[in-house]
Each structure stands twice: as C-alpha cells, then as structure tokens.
Amino acid sequence: MMIMINLLNYILLVIMILISVAFLTLFERKLLGYIQVRKGPNKNGFNGLFQPFMDALKLLTKEIFYLSNSLMYLFSPMIMFFLSMILWLIYPWIYKFYSIDFSIIYLMLILSLMVYPVMIIGWVSMCNYSILGSLRSVSQMISFEILLFMMFFISMLMIEDYSFFSFVSSQKNISFMFFMYPLYLIFIISMLIDLNRIPFDLIEGESELVSGFNLEYFSSLFVLIFLSEYMNIMFMSMILTVMFFGFNNWSLIFLLVYMYHLILLIMVRGVLPRIRYDILMKMCWFELLMFILLYSLFIYLMKELMMLNFKIL
C-alpha cells in the first residue's frame, strides 16, 4: 500500500513539474520581453496564457523523419528526459514519502550522467555543428561539475550527513547563506554553467553553432530535450534554496526564495552577453577551482577549531 502511495505521489509531482515547465517558459518570455521593452506572447488566450500549450501542440504535430539510422538518435532525448525526472526523487516531501539515506551521493551520480545524452545527441546527429556542441558540452559540464561536487562536499562537511533532508534540520538557527556567501555565489555561477544558461550557453551558441548539439532534433524529440533542460532549471533552483536557506518546502518563505532564484536565472539571460569559451575554461581551472579548494580547507579548519573549543569547554 505504501509503495502505491509513493508511486502516486511521484507521478503527481512529475505532472505538476511538467505543467510548471509550460508556465515557466511563458514567464521567461514575458520577463525577457519587458526587459527588452516589448510585450512578449500576448495573442493566445488571456494575455498569452495559452501560448505554451500552442507551442507544444505545434511541436508535437510536426512531421517526424529520422536523420540518423542509429537507435541512439531516438533514445538519447528519452534518456535525457528520464534522468531529469529521476532527479526529483530527492524532493523534500512534507511527510518524507521518499527518504534516501545517501541522497546527496545520488544527486551527484545523476548529475554526472547528464553529460552522456548531450554528448551522444551531438555524436549521432552526423553534423559538424552538433559535434562541436557535444565536444563543448563534455569539457564544460565536466569541468564545472567538479566545482559543484566540491561544494556538495563542503555542505556535507557542514551537516555531517549524506542526506538531503539534513539541510533543513541543520539550518534551524542560521542559514548557511550568511556565513558561506562566497560559496552561494559560486554555486549560482556553476549552476548557470551546468544548465547551459546565458552567459554560459556555449554548447547552444546560436551565433557560432546555429543551435548546437540539438540542431538535428525537432518535433517530439526536441520537446523531450526542451522539457529536460527546464526541469533541471527548476530542480537546481530547489537545490539552491534548500542547501543555503534550509526552508521547508511547504512554507511560504520557501516559495518566495524559490521564485527569487528562478527570476534571477531568467534575468541573467536578459542582461548579460555570452562569454568566450577560453575565458570560461580559464575561470574554471585557474580561478574558481583554486578558490573552492582553499575555501574547503578553511571550512575544515574552522570546524576542527570549533570542535576543539567545544571539547575544552
């Protein structure tokens, strides 16, 4: 009986996420429109309310023909969408329907697998632009996943646990954001890079790669890629809110901070230009990585000093 309840709750969560993705795209287009002093979608329904569903209908009814004989051409978007869905298994439920003891390790594992479908999508497309986009994705996503994993390591050092639920219980008195603010800023930068968002959307660079790794995809296969990317945006915003603020997911302040992170990701797209690829790699290996290593040493020494003082007292 409990298994069926868990399954129904997860199915309900996925349905709500898919509906939220539709309105997130509308919200993004509206906000970017007002940033650029224009209206945005405003024709379909009241003030453009049905625009996402019209876009989905248009994409799903397009003709399907295969540009590659490889089965991976068909399965890669499905794998990408599946990985994005199972990330939500660590969602902090009110009644803890799912309680994965090593949920942070699970999160790191799934995030490390996300690079493979992007790489395979570019490889099987048999297009120079797609291959260049997939090559960029491998170096970019792996480089900045190192930063993400180091930040997860520092967070695990603070909570002394591998469970995602421990972030809520460990921040009852003070949020991690107040005394780990540099880590919070670097996490946002790494999140933008891992999500391929402007100014770091170099694997989808329209100016030099036309559309990047997904150039040869259309219709329902493109819908799967599109949904997985926006599901990851919502998921990483939730991770950022819980890790550095520790709010419960049923509280009003959780929703406000969660919406703040979503709006921040969208506004960054509207105000910043795309950077050069060599600057991105240099920022990773010579600047941010060095800072994270020194910061992890600093956190470790401070924690050991606090434990020593506690033992003396």
Side-chain angles (χ1 to χ4, degrees), residues 13-60 62 77 80-81 84-85 87-88 91 114 118 133 137 140-141 144 185 187-207 209-215 217-241 254-275:
L13 174 66
V14 170
I15 293 172
M16 292 297 104
I17 291 168
L18 294 177
I19 296 173
S20 301
V21 165
F23 288 103
L24 178 62
T25 58
L26 176 63
F27 178 71
E28 179 180 27
R29 294 173 68 181
K30 281 285 188 183
L31 187 57
L32 290 176
Y34 286 114
I35 289 174
Q36 298 163 2
V37 197
R38 56 184 176 83
K39 290 289 185 181
N42 61 350
K43 298 296 184 183
N44 291 313
F46 175 73
N47 207 17
L49 191 62
F50 295 112
Q51 183 68 43
F53 302 104
M54 295 297 104
D55 292 338
L57 185 63
K58 179 193 72 174
L59 284 170
L60 293 174
K62 280 182 175 291
M80 192 173 180
F81 182 71
S84 299
M85 283 198 303
L87 274 175
W88 289 90
Y91 181 79
M114 291 295 292
V118 177
S137 73
Q140 176 178 324
M141 295 174 72
F144 282 88
L185 295 179
F187 193 94
I188 292 176
I189 296 173
S190 302
M191 183 175 67
L192 285 169
I193 296 166
D194 202 52
L195 294 173
N196 308 317
R197 300 285 295 178
I198 288 178
F200 309 111
D201 63 332
L202 298 166
I203 70 174
E204 301 174 1
E206 292 88 354
S207 57
L209 297 180
V210 186
S211 184
F213 73 99
N214 58 5
L215 177 60
Y217 283 85
F218 47 89
S219 189
S220 57
L221 296 179
F222 177 77
V223 170
L224 294 177
I225 297 173
F226 184 80
L227 287 175
S228 63
E229 288 185 349
Y230 276 82
M231 285 170 65
N232 289 340
I233 291 172
M234 297 174 60
F235 177 78
M236 294 305 291
S237 298
M238 184 268 293
I239 290 288
L240 189 63
T241 304
F254 173 86
L255 296 175
L256 293 175
V257 176
Y258 179 70
M259 285 301 300
Y260 161 74
H261 289 134
L262 286 178
I263 294 171
L264 178 65
L265 293 179
I266 295 171
M267 291 191 67
V268 164
R269 179 179 178 181
V271 299
L272 293 180
R274 186 180 296 122
I275 70 169

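Here the structure is a predicted model, which means the values were calculated and not measured.
Scanning for ring pair (Phe, Tyr, Trp, His ring centres under 6.0 Å) contacts around Phe235 gives Trp88, with sequence neighbours left out. For the ring pair (Phe, Tyr, Trp, His ring centres under 6.0 Å) test, residues two or more places apart in sequence or in another chain that qualify with Tyr230 are Phe226. Applying the ring pair (Phe, Tyr, Trp, His ring centres under 6.0 Å) test to Phe27 and every residue at least two apart in sequence or in another chain returns nothing. Glu28 is linked by a salt bridge (Lys or Arg N to Asp or Glu O under 4.0 Å) to Arg197, Arg269, counting only residues two or more places apart in sequence or in another chain. Annotation: ring pair (Phe, Tyr, Trp, His ring centres under 6.0 Å) contacts of Phe23 (sequence neighbours excluded): Phe53. Qualifying side-chain hydrogen bond (donor to acceptor under 3.5 Å, both in side chains) partners for Ser84, counting only residues two or more places apart in sequence or in other chains: Asn232.
Interatomic distance, Met234 CE to Leu265 CG, rounded to the nearest 0.5 Å: 12.0 Å. The line from CE of Met238 to CG of Leu262 is 11.5 Å long, rounded to the nearest 0.5 Å. Note: Glu229 CD to Thr25 OG1 = 12.5 Å, rounded to the nearest 0.5 Å. Residue Phe81 holds its CZ atom at 5.0 Å from CG of Leu18, rounded to the nearest 0.5 Å. Ile263 contributes atom CD1, which lies 10.5 Å from atom OG of Ser237 (distance to the nearest 0.5 angstrom).
For Gln36 (side chain) and Gly270 (main-chain N/O), no donor-acceptor pair under 3.5 Å exists by modelled atom type.
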Subject >> Criterion side-chain contact (heavy atoms from CB on, under 4.5 Å) on Met236 and His261, from CA distance to verdict >> reply: CA-CA 9 Å; Met236 294 305 291; His261 289 134; over 6 Å; no
**OP:** Before giving the answer on side-chain contact (heavy atoms from CB on, under 4.5 Å), spell out for Ile193 and Gln140 the whole-Å C-alpha distance, their side-chain angles and the decisive distance to 0.1 Å.
**Re:** CA-CA 7 Å; Ile193 296 166; Gln140 176 178 324; 3.6 Å; yes
**OP:** Begin with the C-alpha distance, continue with both residues' side-chain angles, and end with the deciding distance and a verdict on side-chain contact (heavy atoms from CB on, under 4.5 Å) for Leu24 and Ile266.
**Re:** CA-CA 10 Å; Leu24 178 62; Ile266 295 171; 4.1 Å; yes
**OP:** For the pair Ile17 and Met85, evaluate side-chain contact (heavy atoms from CB on, under 4.5 Å) and give the outcome as yes or no after the intermediate values.
**Re:** CA-CA 9 Å; Ile17 291 168; Met85 283 198 303; over 6 Å; no
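Counting heavy atoms from C-beta outward, Met80 and Leu224 have side chains that stay 4.5 Å or more apart.
Across every non-hydrogen atom of Pro77 and Ile225, the tightest pair is CB-CG1, 3.9 Å.
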